[in-house]
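In this chain, numbering begins with 1 at the start of the sequence shown. The figures here come from the full heavy-atom set of this structure, side chains too, leaving out hydrogens, waters and symmetry mates.
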Amino acid sequence: DGNDRGELADDLFSEVDNADDLFKCKTDGSLSDEGLEIVTYPCSFGYMMHEYPFDEIAAIAVRNGYRSHDTRTCGLHVHVSRAGLGETETEQDLTVAKLMILFDRFWDKLVKFSRRDITQIEQWAKKPDLSIYEDDDDNIVVSKSKEYRDRYQAINLHNEQTIEFRLFRGTLKVSTIKATIQFLE
């Protein structure tokens, strides 16, 4: 009944082919009770969409009594490589700033797509608030976005190699996992 994360991890690693190459399981202080975080290893968008064994992973979790969407703390966090955001560090920084502007401007629609309620958003994935204006040049925009360093933001910039999108509510529904990844592609 979702109360033995060790058993779930054992089942995942014994039943999913090549599990050691695909993901790791870990605990997280934000997860309640016997929650388990499944962290995928880097792979391409195409692999995620067509080959990743999300169906197996979700079925094993459900069979073990685990939930995701109907919890208070579970989130679906997606890391995107900074290398894919531009060839130079400046291009990457400008892309990150543009993403933050888009999140700021379309926040209400993004919250709806995220499936989180406002309490969860305010605790785990706050809205970017950069105070960027039309007459700000690229240097000012990048500078403002680099000041944005709270880990519990919709876009977490604490990682050197990736940016983390924290906005989305957790799920064991494969179509929702894939839709979230497609949205960020």
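A heavy-atom distance below 4.5 Å is not found between the side chains of D104 and I101. Contact check for I118 versus E122: side-chain heavy atoms found under the 4.5 Å cut-off. Q161 has its side chain out of reach of R82: every pair of non-hydrogen atoms, C-beta onward, lies at least 4.5 Å apart. Taking the side chain as every heavy atom from C-beta outward, L22 and P53 approach each other to under 4.5 Å. With contacts defined as side-chain heavy-atom distances shorter than 4.5 Å, the pair E164/L157 does not qualify. Considering only heavy atoms from C-beta on, V39 comes within 4.5 Å of K26 through its side chain. Annotation: side chain of D138 is not in contact with side chain of D93 (no heavy-atom distance under 4.5 Å). No side-chain heavy atom of Y66 sits less than 4.5 Å from a side-chain heavy atom of I60.
In summary, the side chains of D4 and N64 do not present any donor paired with an acceptor at a separation below 3.5 Å, with no hydrogens or angles considered.
Taking the six-membered ring for Trp and the full ring otherwise, Y41 and Y52 have centroids separated by 6.0 Å or more. For F165 and F183, the ring centers are positioned 6.0 Å apart or more.
Atom CG of L167 sits about 9.0 Å away from atom CZ of R115, to the nearest 0.5 Å. In this structure, L8 CG and F13 CZ are separated by 9.5 Å, a value rounded to the nearest 0.5 Å. The distance from atom CD of E185 to atom CZ of F45, rounded to the nearest 0.5 Å, is 4.5 Å. We find the CD-CD1 distance between Q92 and I163 to be 10.0 Å, quoted to the nearest 0.5 Å. Distance check, rounded to the nearest 0.5 Å: CZ of F23 to CD1 of I57 gives 4.5 Å. For the atom pair E91 CD and L85 CG, the distance stands at 10.5 Å (nearest 0.5 Å).
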- Message: side-chain contact (heavy atoms from CB on, under 4.5 Å) for R5 and T27? Distances and angles first, verdict last.
- Response: CA-CA 9 Å; R5 62 177 152 229; T27 59; 3.3 Å; yes

- Task: Under the side-chain contact (heavy atoms from CB on, under 4.5 Å) rule, what do E56 and L12 come out as? Steps first, then yes or no, please.
- Result: CA-CA 8 Å; E56 287 178 72; L12 288 167; over 6 Å; no

- Task: Begin with the C-alpha distance, continue with both residues' side-chain angles, and end with the deciding distance and a verdict on side-chain contact (heavy atoms from CB on, under 4.5 Å) for F168 and R116.
- Result: CA-CA 7 Å; F168 309 100; R116 285 194 189 241; 5.6 Å; no

- I would like to know whether Q153 and I155 meet side-chain contact (heavy atoms from CB on, under 4.5 Å); could you show each step before the answer? CA-CA 5 Å; Q153 298 287 338; I155 302 174; 5.7 Å; no

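Checked for salt-bridge contact, D117 and R169 miss the test: no charged N lies under 4.0 Å from a carboxylate O.
A distance-only check finds no donor-acceptor pair linking the side chain of S143 to the backbone of N139 [under 3.5 Å]. Side chain of R166 to main chain of N156: no donor-acceptor pair is present (N/O by atom type, distance under 3.5 Å, no hydrogens or angles). Between the K178 side chain and the M49 main chain, a donor and an acceptor come within less than 3.5 Å of each other.
Atom CD of E89 has 12 or fewer heavy atoms from other residues, nucleotides or ligands within 6.0 Å. The local environment of CZ in R105 is sparse, with at most 12 non-hydrogen atoms from other residues, nucleotides or ligands closer than 6.0 Å.
Under the 4.5 Å side-chain heavy-atom criterion for ILVMFWY residues, a single connected hydrophobic cluster contains both I38 and V174. At a threshold of 4.5 Å between side-chain heavy atoms, the hydrophobic network of Ile, Leu, Val, Met, Phe, Trp and Tyr places V78 and W107 in one connected group. Cluster annotation: V80 and F113 are assigned to the same hydrophobic cluster (Ile/Leu/Val/Met/Phe/Trp/Tyr, side-chain heavy-atom contacts under 4.5 Å, transitive). A continuous path of ILVMFWY side-chain contacts below 4.5 Å connects Y47 to F54, so both sit in one hydrophobic cluster. I177 and M48 fall within a single hydrophobic cluster, where Ile, Leu, Val, Met, Phe, Trp and Tyr side chains are chained together by heavy-atom contacts under 4.5 Å.
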